[in-house]
Asks: 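Below are the structure tokens for one structure; questions will follow.
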Amino acid sequence: MVSCSVFPVLTTISQPSLCSTLLSLHRTFLCCAMMPVLEGIWGPDFKMGNSGLGVYPDEHSGTRAWGPPVTCGGLSLALELPALIRHLRAAWRARRGGAQGHKRTQGGTWCEALQEEVEEVKQDLENSCAHLEADGRLNTGHAGVLLAERRGSYPLIGLRVLNTSSQQGEVESGTRRKLNRLLSFQRFFHASRLLRGLASHSPGSLHILDNDYLGQAAHMLSKVETWNFDIFLFDRLTNGNSLVTLMCHLFNVCDLIHHFQLDMVKLHRFLGMVQDDYHSNNPYHNAVHAADVTQAMYCYMKEPRLAEQLTPLDGFLGLMAAAAHDVDHPGVNQPFLMKTRHHLASLYQNTSVLESHHWRSTVGMLRESGLLSHLPANISQDIEQQLGSLILATDISRQNEFLVTFREHLDNQDLDLQLASHRHFMLQIALKCADVCNPCRDWELSRQWSERVCEEFYRQGDLERKLNMEISPLCDKLTDSVPAVQIGFISYIVQPLFQEWQRFTEPSLLSQMMMSNLHKNKDRWSRLWCVHAASETQPHSEEPGGGGGGDGEDIS
């Protein structure tokens, strides 16, 4: 260590001299007190130099040594390297701080500056590693366990036991996509004018994309409120960056960035974390699904009856919950986690296991990114709680609970959207609709989502068969065809919910279009199911490879 009297001298070093000193650190002598330690490490060949302060190399033995000592202002900088770096950093900070910094350092020592730096680092570590406190309404007493509920910490389900070669190909493909997204992010920061605080009404507000894709993707974003929005095409145009790009655009056009004074770098970091935490090897529950739900949620929030009552906070919560509602989904359902005694099933006591994990992961990323750190603590905590309420509403096992309440409100005509609680309930219903709206899309989009979700179900069924477990409902590819799964899903889940939604939004062109698509898609699946059933009952000996061959490949 150096005497405190050295500090005023170092504060007077010119910038070039300071740089020269830093460049010479590799040739700095260690203090004499360190010599016994170094001799113990490198042996007796590590010798003292003629000056008595340094060491010199032995030309014949190649002994490790440093050059002559560095002096500054007549003082020998015989410091340990880390201590010297901290000392010089503190000096340069004080110099850059001007008169105020100089005045502060005159009254203290470099130890105080070092203490301040340690506190800063400690605070950064606490912010990045802070675990989620136990919530009063859920998981009370699990505060310690929730330390593991950070992003990216989810133990992967062993799906790789099914087909190692295909999984390896998926991993390599995912790596390439991630690299493309990283390159896309680099161009984003250089080309985007959104970082300069564009107003939502500016003609250039759509210019948030890479130059390579600016024309086509920006044209799609200009029609983001239309129901025939092709999220698969948009994902290709944005280089697999659909969720981040869509959310940045919607936050901009909804004026949420300006209203909440959001830091664009923090926002982009948070959205990137959310997008990366979706598992790209999931056929259905991936970032493209999250982007699709977000786009649908935006369409529902634009419905006149909702749009005229929603506040900026409602818009913020709705879009954020839609984007993160399935984050870190493992590609298997809650019964599978319970049967395999997964730690999340124990943590959440077999109740809304995945939805609770999605919420906690979202809160962890919000805190890690610091997106809401500029808001008062009570406001940020309230936002976290309301996000949890929205995400937990997507639990399909609570479908009847929400549907009954929604129907009662409509029957009694007592929905008052000027009340925050009623607006929040309608956001829950809107998010539930957005989460299961695939059968209400155009046939080509609806068919792709149907095949994807069934493929994810079948993967779980294959894994259960591999582990000699009972195969979950809808997960047996030998008995549960895509048409049969979709007909049941539409009849018992989607149709009852959207019938009530149409009552709420009436008159609404969007609701009419969705219900029309729903009926057409259900009829089409019914016809395909009849063909599939006929092919299954037809003797294979009469027409080898016929019947279900072509149709079976087309629909499953």
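Heads up: numbering here begins at 1 and tracks the sequence.
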Asks: For Leu509, give me all partners under side chain to side chain contact (heavy atoms under 4.5 Å, CB included), at least two apart in sequence or on another chain.
Replies: Gln512
Asks: Check ring-ring contact (aromatic ring centres under 6.0 Å, His included) between Phe457 and all other residues, then give those that pass, not counting sequence neighbours.
Replies: none
Asks: Which ring pair (Phe, Tyr, Trp, His ring centres under 6.0 Å) pairs, counting each pair once, include a residue from residues 429-448, with sequence neighbours left out?
Replies: Trp443-Trp525
Asks: Taking only residues two or more places apart in sequence, or in another chain, which ones meet Tyr284 in a ring-ring contact (aromatic ring centres under 6.0 Å, His included)?
Replies: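 Testing Tyr284 for ring-ring contact (aromatic ring centres under 6.0 Å, His included), a comparison that skips the adjacent residues, returns His289, Trp449.
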Asks: Sequence neighbours left out, cut at 3.5 Å: what donor-acceptor pairs do the side chains of residues 483-491 make with other protein atoms?
Replies:
{"from": "Gln486", "atom 1": "OE1", "to": "Ser450", "atom 2": "OG", "distance (Å)": "3.1"}
{"from": "Ser491", "atom 1": "OG", "to": "Ile487", "atom 2": "O", "distance (Å)": "2.8"}
{"from": "Ser491", "atom 1": "OG", "to": "Lys522", "atom 2": "NZ", "distance (Å)": "3.3"}

Asks: Between Arg367 and Glu384, is there a salt bridge with N-O shorter than 4.0 Å?
Replies: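 Yes, charged N to carboxylate O under 4.0 Å.
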Asks: State which residues pass ring-ring contact (aromatic ring centres under 6.0 Å, His included) with Phe498; sequence neighbours excluded, sorted by chain then number.
Replies: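 So Phe498 forms no ring-ring contact (aromatic ring centres under 6.0 Å, His included) with any residue.
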Asks: Who are the salt bridge (charged side-chain N to carboxylate O under 4.0 Å, His left out) partners of Glu225, not counting sequence neighbours?
Replies: none
Asks: Could you list the residues that satisfy salt bridge (charged side-chain N to carboxylate O under 4.0 Å, His left out) with Arg423, not counting sequence neighbours?
Replies: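 Applying salt bridge (charged side-chain N to carboxylate O under 4.0 Å, His left out) to Arg423 gives Asp314.
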Asks: Among all residues two or more places apart in sequence or in another chain, which pass the side chain to side chain contact (heavy atoms under 4.5 Å, CB included) test with Arg527?
Replies: Asp523, Arg524
Asks: Could you list the residues that satisfy side chain to side chain contact (heavy atoms under 4.5 Å, CB included) with Gln418, not counting sequence neighbours?
Replies: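 Side chain to side chain contact (heavy atoms under 4.5 Å, CB included) list for Gln418, sorted by chain: Gln309, Asp416.
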Asks: Can you list everything that forms a side chain to side chain contact (heavy atoms under 4.5 Å, CB included) with Arg407? Sequence neighbours excluded, please.
Replies: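 In terms of side chain to side chain contact (heavy atoms under 4.5 Å, CB included), with neighbours along the sequence ignored, Arg407 is linked to Leu403, Asp411, Glu500, Arg503.
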Asks: Who passes ring-ring contact (aromatic ring centres under 6.0 Å, His included) against His409, sequence neighbours left out?
Replies: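 So His409 forms a ring-ring contact (aromatic ring centres under 6.0 Å, His included) with His422, Phe425.
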